Every structure is written in structure tokens, then in C-alpha cells.
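Notes to accompany the following structure.
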Amino acid sequence: MTPGFAWQAPTKFVFGPGVAEKAGTELASLGAKRVLLVTGGGPTRLSPGFAALQASLKAAGLEFETYAGVGHDPDASQAEDCARAIVASRAEAVVAYGGGSPMDCAKAANLQAANSTRPGSPWEASPFLDFVYGRKAFKVPGLPLACLPTTAGTGSELSNAAVTIDPATDRKLGLSSPWFFPSLALVDPLLQAGMPPALTAATGMDALTHALESFVSRRASPLSRA
């Protein structure tokens, strides 16, 4: 007998070769006119897919700025820095492009930016670890968030979780919130073609690991098996 399970999937999911070129149209349908792109440096920012994303935004008449400072496994200070960039850009939506690190950083920063503003005072970021350790709670949702993954393994574009490093302890900490669900996920398999082969292979094995996890898990559901 299948055990009971719950499923929540509020994210609009669009899959197919070339769907990244629809990003501008999809974001405009969310009511955004100005967005902040959150990505990593190096190959990700210089990839043909990222250029196509920017071209799509321009074609839809959207203004945008880029925050390309996300490193591997971003820590809490990275989320705070990205949150300041969201506020400074006056963005009406956030777009995360890359692997799990840019997507998790964008999720964290987006909620932090929305929940650090104090009425009547200049904006000041609350330490993100206050939210991670439960010293503060999220009270309002962030801006609409769109995710365009360039690797196969993370699944962060459809999840309600984000991972952050506590630099003081070097611990990788997960945090969940219903407001971490992206508004939009554009999953374009062609985006992986612009990534380094070693990264594509490693994240492909990550995806295989998740598939095997469902096969052997006692808590697997019909949806996870699929």
C-alpha cells in the first residue's frame, strides 16, 4: 500500500529546448518591468545561454541589472550582499541563472530583502543567519522569482528550500519556507551545453543519485518515483 504523502507545487514549470528565450515574455506576464539577474561569474555569466536570456529581456522591453558575485556554496554574507543588490536595483522580480548556488542565493536574498525593511527607517539587512536559526521569522513574501537552471542535479528551481553556509562554523544549513518556491521555472536542456563538461557530468550523476534515492527510499511516493 502506498503510504500517505503531501505535495505542493505552486511553481509554473516550463520545459523544452529554447524556452530560456521566452524568459522576457514570461516575466512580463508576472507584471515585472525591471529585474535583477543573479548568477555566478566565469563560464556561467559568459555562456551563450546567459546572453540569450539578456536578449530575451531586452526584446520584452524589460530593464535589468546583473549581480554576478555568487560563488560556490554561498555563505550568509553572500545572501546579505545579494539582498542589498535587490533593494538597490529597485527590481520588481528576481531571476536566478545557474546551478544550485545562484538559485539558493537568490531565494535567500529575495526573502531577506523583503523581511529586513523597517518602516520609517533606512533599509538595513537583518543577518540572514537570524532567519536560519529561528531568531527571526519571515513575515512577508519576496518578489516574484524565476529560475533558469544550467545543471541537472539541484532541483532548486522547484523546491521550497535553500542552502546557506554559516562561515563561523563552516556548516551547510538548509532552510525551508513556502515563500522559497519560485514563481517560475524555465528548464531549458540546451543551457547545459554552455557549461564545462566536467560540471555537466558531475551534476548529471547528482541527478542519477536522486533517482536512485527514490528507488530505495521507504518514504517514496508515486510522484517521487515518477
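All values below were derived from every heavy atom in this structure, side-chain atoms included, with hydrogens, water molecules and symmetry-related copies excluded. Model, not experiment: these values are computed from the prediction.
If you take CZ on R84 and OG on S116, they are separated by 9.0 Å, rounding to the nearest 0.5 Å. Between the CG atom in L27 and the CG atom in L186 there is a gap of 7.5 Å [rounded to 0.5 Å]. With rounding to the nearest 0.5 Å, the separation of CZ in F181 from CG in L158 is 8.5 Å. For the atom pair CD (E26) and OG (S183), the distance works out to 11.5 Å, reported to the nearest 0.5 Å. With rounding to the nearest 0.5 angstrom, the OG1 atom of T25 is 11.0 Å from the CG atom of L30. If you take SG on C105 and CD on E80, they are separated by 10.5 Å, rounding to the nearest 0.5 Å.
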Practice problem: Apply side chain to side chain contact (heavy atoms under 4.5 Å, CB included) to T150 and F50, showing your working. | Solution: CA-CA 10 Å; T150 61; F50 191 65; over 6 Å; no

Self-check item: Stepwise side chain to side chain contact (heavy atoms under 4.5 Å, CB included) check, L37 with Q54
Solution: CA-CA 9 Å; L37 304 180; Q54 293 174 301; 4.0 Å; yes

Practice problem: Might you work through the side chain to side chain contact (heavy atoms under 4.5 Å, CB included) test for V140 and N115, ending with a clear yes or no? | Solution: CA-CA 6 Å; V140 295; N115 286 272; 3.6 Å; yes

Quiz item: What's the verdict on side chain to side chain contact (heavy atoms under 4.5 Å, CB included) for L175 and T164, showing C-alpha distance, side-chain angles and the deciding distance?
Solution: CA-CA 8 Å; L175 179 63; T164 308; over 6 Å; no

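A side-chain donor-acceptor contact under 3.5 Å links S214 to the backbone of R225. Between the S217 side chain and the R219 main chain, a donor and an acceptor come within less than 3.5 Å of each other. When atom types are taken as modelled, the side chain of D166 and the backbone of R171 share no donor-acceptor pair closer than 3.5 angstrom. Of the possible donor and acceptor atoms, none in the side chain of T203 sits under 3.5 Å from a partner among the backbone N and O of D206. For the pair E157 (side chain) and A185 (backbone), a donor-acceptor distance under 3.5 Å is absent. Using a distance-only test at 3.5 Å, with no hydrogens or angles considered, a donor-acceptor pair links the side chain of D188 to the main chain of A20. For K107 (side chain) and A161 (main-chain N/O), a donor-acceptor pair under 3.5 Å exists by modelled atom type. Although no hydrogens or angles enter the test, the distance criterion places no donor-acceptor pair under 3.5 Å between the side chain of S56 and the main chain of A52.
Across all their heavy atoms, P182 and T11 have their closest contact at O-OG1, 2.7 Å. Closest approach of F5 and P222 over heavy atoms only: CE2-CD, 3.4 Å. Summarising the geometry of P149 relative to L191, their closest heavy-atom pair is O-CD1, 3.7 Å, with the distance given to 0.1 Å. Of all the heavy atoms in T151 and G99, the pair that sits closest is OG1-CA, 3.6 Å. Considering every non-hydrogen atom in both G71 and Q78, the closest pair reads N-OE1, 3.1 Å. Among all heavy-atom pairs drawn from A93 and A32, the shortest one is CB-CB, 3.6 Å.
The aromatic rings of F180 and F138 lie perpendicular to each other, with more than 60° between the two planes, well past the 30° mark. The aromatic rings of F13 and F15 sit parallel to each other, their planes meeting at less than 30°, with 60° as the upper class boundary.
The one candidate from K136, R135, Q112 that meets the side chain to side chain donor-acceptor pair (under 3.5 Å) condition with D130 is R135.
Put simply, V94 and L184 are part of two different groups of oily side chains (I, L, V, M, F, W, Y) that touch within less than 4.5 Å, one to the next. Residues V14 and L57 share a single hydrophobic cluster, defined by chaining ILVMFWY side chains whose heavy atoms lie under 4.5 Å apart. Transitive grouping of hydrophobic side chains (ILVMFWY, heavy atoms separated by less than 4.5 Å) brings W179 and F128 into a common cluster. Put simply, V70 and L148 are part of two different groups of oily side chains (I, L, V, M, F, W, Y) that touch within less than 4.5 Å, one to the next. Grouping the Ile, Leu, Val, Met, Phe, Trp and Tyr side chains by contacts below 4.5 angstrom, directly or via other members, places L143 apart from M103.
Counting heavy atoms of neighbouring residues, nucleotides and ligands inside a 6.0 Å radius, atom CD of E21 does not exceed 12 of them. Within 6.0 Å of CZ in R34 there are more than 12 heavy atoms belonging to other residues, nucleotides or ligands.
Counting only heavy atoms from C-beta outward, the side chains of L173 and Y133 approach each other to under 4.5 Å. Using a 4.5 Å heavy-atom cutoff, the side chains of D170 and I165 are in contact. Two residues are said to be in side-chain contact when any heavy atoms from C-beta on lie closer than 4.5 Å; V187 and V19 fail this criterion. Looking at K58 and F64, their side chains come closer than 4.5 Å, going by heavy atoms from C-beta outward. Contact of the T44 side chain with the P102 side chain is not registered, since no non-hydrogen atoms from C-beta on lie closer than 4.5 Å.
With no hydrogens or angles considered, a side-chain donor-acceptor pair links Y97 and S47 at under 3.5 Å.
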